[in-house]
Amino acid sequence: MKTQVAIVGAGPAGLLLGHLLRAEGIACVVIERQSGEYVLSRIRAGVLEQGTVGLMERLGLDARMKVEGLPHGGFNLADGERLIRIDVAALTGQSVMVYGQTELTRDLMDAAPARGLEVIYQAGDVALHDVAGNAPFVTFARQGRDHRIDARIVVGCDGFHGPSRQAIPANVGRVFERVYPFGWLGILADVPPCNHELIYANHERGFALASMRSATRSRYYIDVPLTERIEDWSDDRVWDELAVRLGPDAAAQITRGPALEKSIAPLRSFVFEPMRHGSLLLCGDAAHIVPPTGAKGLNLAASDVHYAAQALVAFFRDGDADAVAGYSAKALARVWKSERFSWALTKLMHRFPEDGPFERRMQRAELDYIASSEAAQRSIAENYVGLPL
Ligand code: APR
Ligand code: PHB
């Protein structure tokens with residue numbers, strides 16, 4: 001098979017890029033290791049920046065989001081004594097959309113056949129070849145047969161554990177990484193949220209986040225040491241810890257219920273440079289990871305894809321090779337700003353084992369400053385709703 005762009009990975013980044021390219025008449029194929037059902041089974045965050053919502057609107061794929069999504073004009077920081085509301089709508093003129101990533105992926109997946117976006121699922125042993133040259137190709141096995149797709153450009157949207165980043169030679173790539181000394185234990189339950197907006201809490205006992213998927217489905221998190229095992233956390237133990245960490249007012253509003261999903265995920269900040277090598281571009285988690293504190297993972301994937309689609313349209317339509325050459329620098333400029341915000345909010349809202357009384361006082365002082373300064377709140381707000389594309 002021959003195409004213009006071979007996209008590896010059919011998560012949000014791969015599907016969004018595929019739709020954007022097809023909408024511009026660029027031939028592409030998406031190659032995915034898992035089944036569509038498996039891709040949809042992954043529980044992921046669900047706070048969308050306006051830029052991400054805008055891409056779905058541009059594709060005309062925002063109908064369900066507009067009906068089922070929850071526009072939020074603010075969110076809250078709590079430190080055990082008070083709630084500091086960050087009024088993002090008043091401070092930035094923008095809001096965020098609470099809409100599960102699974103639902104966004106489903107919208108992209110369901111629209112693919114009608115829009116001529118070919119997605120090959122259950123492709124085994126996917127490998128990238130000759131990406132440094134002008135005639136790269138992707139091979140994979142499926143239903144007992146070996147396949148090859150020749151393309152002019154390959155885009156790796158295969159997440160943190162995919163093969164694309166590995167296709168860039170070690171002497172070319174550079175990794176920047178911080179692994180955090182805790183994980184997030186998440187619980188999903190069909191119970192109404194305890195608050196109409198998100199609450200990020202820094203309590204003496206640790207971090208907690210009250211989030212949601214809808215008016216009837218809630219998503220909560222607490223941070224736990226990396227040595228913790230999910231088997232040791234009964235639903236009741238999680239609900240009890242959430243009630244303490246979120247504070248008495250929120251606790252009084254918590255509705256308990258059986259966990260639909262409960263798991264512990266590690267946190268890391270990770271950036272791989274460059275995000276282009278020859279005819280290979282990287283988008284999303286294939287190139288970077290953020291701690292979920294700033295809800296940036298999916299939104300960074302969307303901005304990468306926006307830049308990649310812009311570059312590829314210029315390349316294939318106008319023969320503008322500089323557009324592709326400039327992709328990495330353009331994407332990384334925004335990636336690093338989101339990495340900074342996610343890291344800073346993680347530092348502010350979590351207890352680090354190495355922190356002493358002084359560091360705790362610094363956190364209290366920063367929260368006091370944020371509570372009293374519109375300028376400080378505006379800075380947080382403009383990062384939370386998403387910096388301009
Ligand atoms: N071959 C083909 N596909 C692969 C391979 C492979 N060898 N390895 C991984 N994949 C697929 C995965 O099955 C997954 O469907 O690539 C896709 C990567 O999707 P994500 O991990 O969701 O990454 P991305 O699309 O960049 O989305 C980034 O969304 O999933 C969240 O936490 C993520 O918030 C982040 C954002
Ligand atoms: C979620 O709803 O899963 C969520 C929301 C905001 C975050 C992280 C996760 O910062």
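Just so you know, ligand 1 is whichever comes first in the structure, and atom 1 is the first atom listed for that ligand.
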**Q** In chain order, what residues pass the side chain to side chain donor-acceptor pair (under 3.5 Å) check against T105, with sequence neighbours excluded?
**A**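 Applying side chain to side chain donor-acceptor pair (under 3.5 Å) to T105 gives none.
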**Q** To check your reading of the model: name the closest protein heavy atom to atom 18 (C) of ligand 1, its residue, and the distance in Å.
**A**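 For atom 18 (C) of ligand 1, the nearest protein heavy atom comes out as C157 O, 3.3 Å.
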**Q** Measure I31 to ligand 1 on non-hydrogen atoms and call it side chain, backbone, both or neither using the 4.0 Å cut-off.
**A**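 Answer for I31: backbone.
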**Q** Does V224 sit in a hydrophobic cluster with other residues, and if so which ones, taking ILVMFWY side chains as linked at heavy-atom separations under 4.5 Å, directly or through other members?
**A**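 Its cluster partners, ordered by chain and number, are L83, L185, I187, V191, I199, Y220, I222, I230, W233, V238, W239, L242, L246, I254, I264.
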**Q** Among protein heavy atoms, which lies nearest atom 30 (O) of ligand 1, and at what distance?
**A**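 Of every protein heavy atom, R44 NH1, 2.2 Å lies nearest to atom 30 (O) of ligand 1.
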**Q** Is the closest heavy atom of P12 to ligand 1 under 4.0 Å?
**A**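 Yes.
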**Q** Looking only at protein heavy atoms, which one is nearest to atom 11 (C) of ligand 1, and what is the separation?
**A**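 Its nearest protein heavy-atom neighbour is E32 OE1, 3.3 Å.
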**Q** Using heavy atoms and a threshold below 4.0 Å, how should the contact between D285 and ligand 1 be classified: side chain, backbone, both, or neither?
**A**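 It is both parts that get close, each with some atom under 4.0 Å.
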**Q** What protein heavy atom sits nearest atom 9 (C) of ligand 1, and how far off is it?
**A**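 Among all protein heavy atoms, the one nearest atom 9 (C) of ligand 1 is D158 O, 3.2 Å.
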**Q** Could you give the distance from CG (N383) to CD (E49), rounded to the nearest 0.5 Å?
**A**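 It comes to 9.0 Å.
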**Q** Ignoring angles and geometry beyond distance, decide whether Q34 reaches within less than 3.5 Å of ligand 1 through its nitrogen or oxygen atoms.
**A**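 It does not: no N or O of Q34 is found under 3.5 Å from an N or O of ligand 1.
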**Q** Show the distances, to 0.1 Å, for all pairs joining an N/O atom of ligand 2 and a protein N/O atom that are shorter than 3.5 Å, listing one pair per line.
**A**
{"from": "ligand 2", "atom 1": "2 (O)", "to": "S211", "atom 2": "OG", "distance (Å)": "2.6"}
{"from": "ligand 2", "atom 1": "2 (O)", "to": "R213", "atom 2": "NH1", "distance (Å)": "2.7"}
{"from": "ligand 2", "atom 1": "3 (O)", "to": "R213", "atom 2": "NH2", "distance (Å)": "2.9"}
{"from": "ligand 2", "atom 1": "3 (O)", "to": "Y221", "atom 2": "OH", "distance (Å)": "2.6"}
{"from": "ligand 2", "atom 1": "10 (O)", "to": "Y200", "atom 2": "OH", "distance (Å)": "2.8"}
{"from": "ligand 2", "atom 1": "10 (O)", "to": "P292", "atom 2": "O", "distance (Å)": "2.7"}
{"from": "ligand 2", "atom 1": "10 (O)", "to": "T293", "atom 2": "O", "distance (Å)": "3.2"}
{"from": "ligand 2", "atom 1": "10 (O)", "to": "A295", "atom 2": "N", "distance (Å)": "3.4"}

**Q** Before signing off on this row, confirm whether A13 and ligand 1 have an N or O atom pair separated by under 3.5 Å.
**A**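 Yes - when backbone and side-chain N and O of A13 are compared with those of ligand 1, one distance drops under 3.5 Å.
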**Q** With clusters built from Ile, Leu, Val, Met, Phe, Trp and Tyr whose side-chain heavy atoms come within less than 4.5 Å, directly or transitively, what are the remaining members of the cluster of F358, listed by chain and number?
**A**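 Besides F358, the cluster holds M362.
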**Q** Which bit of H161 gets closer than 4.0 Å to ligand 1, counting heavy atoms only: side chain, backbone, both or neither?
**A**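 Looking at H161 and ligand 1, no heavy atom falls under 4.0 Å.
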